[in-house]
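First comes the structure, then the notes that go with it.
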Amino acid sequence: MCIRDRYVPVKTFELVGLCMLLFVRAEILDRISHFDFHILKLGVGGQLGNKGALAVRFNLDDSTLGFINCHLEAGGGKLQERLSQFTQIHTKAFQMEGIGRQKSCLLYTSPSPRDS
């Protein structure tokens, strides 16, 4: 069996220079649920995608997994800017459009019954 026969694409999304490709093994595809993703722009007033993040989360059986791919401010003297951008990403990911859940970490736990 060829490797391309064992993995199937689930989602592809991008933001300027960032790209996230989600593939899963074909035999577990039916075990994935509650798929959600966000594209967060952090450049110039939150309007440009030159800085930002791609975030994805989904349930695999009864575990929720989350991943973030981000492009932050560059430069040795820009630590505070990077920390601020990371905080924005963490705060905004999956909070838009009325979802409204606060997160305390980037790797998500199983949702409560009210989130289902």
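The first residue in the sequence is number 1, and the count goes up from there. Just so it is clear, the model here is predicted, and its values are computed rather than measured. Just so you know, these numbers use all the heavy atoms, side chains as well, and skip hydrogens, waters and symmetry mates.
Taking the side chain to side chain contact (heavy atoms under 4.5 Å, CB included) definition, one finds that A55 meets it with I68, A93, F94, sequence neighbours left out. E27 pairs by the side chain to side chain donor-acceptor pair (under 3.5 Å) definition with R25, not counting sequence neighbours. For D61, the salt bridge (Lys or Arg N to Asp or Glu O under 4.0 Å) test picks out R31, with sequence neighbours left out. Taking the side chain to side chain donor-acceptor pair (under 3.5 Å) definition, one finds that R82 meets it with nothing, sequence neighbours left out.
If you take CG on D36 and OG1 on T64, they are separated by 11.0 Å, rounding to the nearest 0.5 Å. Here the CD1-CG distance, from I32 to N59, works out to 9.5 Å after rounding to the nearest 0.5 Å. T87 OG1 to Q80 CD: the interatomic distance, rounded to the nearest 0.5 Å, is 9.5 Å. The distance from atom CZ of F86 to atom SG of C70, rounded to the nearest 0.5 Å, is 6.5 Å. Between K41 atom NZ and K51 atom NZ the span is 15.0 Å, to the nearest 0.5 Å.
The aromatic rings of F35 and F37 sit tilted relative to each other, their planes meeting at an angle between 30° and 60°.
Counting heavy atoms from C-beta on, the side chains of Q85 and E73 come closer than 4.5 Å. The closest side-chain heavy-atom distance from L72 to I89 is below 4.5 Å.
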Distance-only donor-acceptor hits, side chain of residues 8-24, under 3.5 Å, sequence neighbours excluded:
none

